[in-house]
Amino acid sequence: MMNRITFDGIKEKSFKSISKHINENIKKNNSKFNILIEKFNYDKNPNGGLLENVPITIKDNIFYKNHIASCASNILKNYRAPYSAYVVEKLLGEGAFIVGRTNMDEFAMGSSTEYSIYGPTKNPIDPKFVAGGSSGGAAASIITGIASIALGSDTGGSIRQPAAFCGAVGYKPTYGVFSRRGLVAFSSSLDQIGIIGNNVGDIAKSAAVMNGKDPHDLSSYLDRELKHLAEYDFDSYEGERKIIGVIHDFSDTPISKEIENSYKKLISELNKMNYEVVSIFPPFLEYSLPLYHILANAEAASNLSRYDGLKYGLSNNEGNYFERVKKARTEGFGREVKRRILAGTLITSEGYDIDLYKKAQKLRVLLKKNYDVLFSTVNFVLMPTTPTSPFKLGEKINDPIAMYNNDAFTTIANIIGSCAISLPLGTTSGGLPIGFQLMAAPKEDAELLKFSYKLMKDLG
Ligand code: GLN
């Protein structure tokens, strides 16, 4: 639909015709759905290579040298990136070009792209509904044919959830597969850059290019298994004997009837096709969301303390140091960001005697161990990406808890640092997309991508 741009489609076209196609789609869709915050002046990338002529959008929290990266926040409204993100350099090095920067929830905190100073991104399938978030602009840029690959970030679901809501594929790699250099930090131990695309093959090829050990990000590593995907023939993959763990009991993590029915239907199709499906109870899944908020808020409060209006952020010269900082933050940050900074500051305060942060760290280790055990018995866990289908614009904007509940199935992958992908494998009765998430153990990205490709071929 809507003239999407796949890698296969690009092969037969010239740069000129691709850019014409993009410009037409921008004209048709951008003001209607509020996808791109800024379109760049781009030209053919002379490098050539594996991604020649591939159009890319970048989320507004990813650096592209000399271009604004505002995180959809007033506090960084005019901030220009002093260098390009490692992954952006890699993509440009293989002939891709960057169309523009996409809308997002401020500092990537949100699940609907409604917390943006630029206004909400609307769901291109039906503009009464949200596009998901925080990478809502990224997902919308794919399905409206503005880009072939959209870079976003995923701290607790921000790639997978908007991909699910818009009907795209969204991949969050294992922590460390992509360097975080040039991604504005939200919660450093959970943040990963991820990819939204039209299909698994395009994503895998881009991931092979983006992956690498960046000397400036010590948590990054080179994954040789991923590298070979650049030229891999996905149709030759068999992977029949893989075991998929599925959930049968949603009493601890409630989901809507519609999602439940669609999930059951998917499982019965898998059974019919002789996939190996076993019933599991993902350990501590019901604790993952509160745990996520403790970890993410604590780290966010620390990371965002650099926006003081002096070195970073809205500068002003009114009054003494404290007055200046206060003014910059009061005017610079939106409500949701303030809420999280306050919560994170409380959690990490000295003398805060219930020691939530320390307990959260311990629980995180326990969860990791439990999922290591689970992944020694199954290859993949299949879950709904979201507990509900896309909701209406404005519906959850004043109800933070309802907004957070969207992430019931996505934060676990960030907590244990594993890889996960949302696949568009369902539709609501109203025609809105439903995504299902396949999760694998850390460093099993190549298997996850190959198996997802096969699933999409068999079921999509
Ligand atoms: N929706 C989640 C949140 O609000 C996750 C955001 C993200 O992954 N950046 O924190």
Side-chain angles (χ1 to χ4, degrees), residues 58-62 69 71-73 102-116 120-121 130-139 150-166 170-173 175 178 180 183-196 288-301 303-304 333-344 347 360 385-388 390-391 396-422 435 437 439:
I58 54 173
K59 187 173 176 177
D60 196 27
N61 60 352
I62 295 175
C71 296
S73 180
T102 53
N103 200 11
M104 60 183 279
D105 285 297
E106 185 178 0
F107 282 102
M109 298 173 183
S111 307
S112 66
T113 315
E114 291 174 293
Y115 303 139
S116 161
T121 295
V130 300
S134 63
S135 315
L151 298 189
S153 62
D154 190 312
T155 304
S158 279
I159 286 281
R160 291 159 283 159
Q161 189 257 19
F165 277 12
C166 291
Y171 162 59
K172 183 207 97 72
Y175 186 78
F178 296 158
R180 285 174 294 114
L183 167 69
V184 177
F186 162 7
S187 172
S188 312
S189 78
L190 300 162
D191 295 341
Q192 262 297 279
I193 289 176
I195 308 173
I196 301 179
S288 61
L289 191 55
L291 173 60
Y292 164 79
H293 276 278
I294 295 165
L295 297 170
N297 287 343
E299 292 184 27
N303 274 324
L304 272 61
F333 291 131
R335 250 177 104 79
E336 180 60 23
V337 175
K338 283 178 184 153
R339 188 182 351 256
R340 298 199 192 201
I341 293 173
L342 288 174
I347 291 164
T385 307
T386 55
T388 70
F391 46 93
K396 300 192 177 173
I397 199 163
N398 292 317
D399 186 348
I401 303 293
M403 194 68 95
Y404 300 160
N405 282 340
N406 268 282
D407 309 323
F409 298 107
T410 44
T411 60
I412 186 65
N414 305 75
I415 290 169
I416 65 168
S418 78
C419 50
I421 191 164
S422 178
Q437 175 185 218
M439 189 169 111

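On a predicted model such as this, the values are computed, not experimentally measured, just so you know. Counting starts at 1 for both ligands and their atoms, in listed order.
Under the 4.5 Å side-chain criterion, counting only non-hydrogen atoms from C-beta, Y171 is not in contact with D154. You'll find the side chain of N406 reaches within 4.5 Å of the side chain of Q161, heavy atoms only.
Ring-plane geometry between F391 and F165 is classed as perpendicular, the angle between the planes exceeding 60 degrees on a 0 to 90 degree scale with a lower cut at 30.
Heavy atoms of other residues, nucleotides or ligands lying less than 6.0 angstrom from CZ of R339 number more than 12. Residue N398 qualifies as open at atom CG: its count of foreign heavy atoms under 6.0 Å is 12 or below.
For Y175, there are no ring-ring contact (aromatic ring centres under 6.0 Å, His included) partners, not counting sequence neighbours.
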Quick check for students: name every N or O atom pair between ligand 1 and the protein closer than 3.5 Å, with distances.
| unit_1 | atom_1 | unit_2 | atom_2 | d |
| --- | --- | --- | --- | --- |
| ligand 1 | 1 (N) | G110 | O | 2.9 |
| ligand 1 | 1 (N) | S111 | OG | 2.8 |
| ligand 1 | 1 (N) | D407 | OD1 | 3.3 |
| ligand 1 | 1 (N) | D407 | OD2 | 2.8 |
| ligand 1 | 4 (O) | G110 | N | 3.0 |
| ligand 1 | 4 (O) | R340 | NH1 | 3.4 |
| ligand 1 | 4 (O) | R340 | NH2 | 2.8 |
| ligand 1 | 8 (O) | T155 | N | 2.8 |
| ligand 1 | 8 (O) | G156 | N | 2.7 |
| ligand 1 | 8 (O) | G157 | N | 3.3 |
| ligand 1 | 8 (O) | S158 | N | 3.0 |
| ligand 1 | 8 (O) | S158 | OG | 2.7 |
| ligand 1 | 9 (N) | A108 | O | 2.8 |
| ligand 1 | 9 (N) | S158 | OG | 2.8 |
| ligand 1 | 10 (O) | Y292 | OH | 2.6 |
| ligand 1 | 10 (O) | R340 | NH1 | 2.8 |

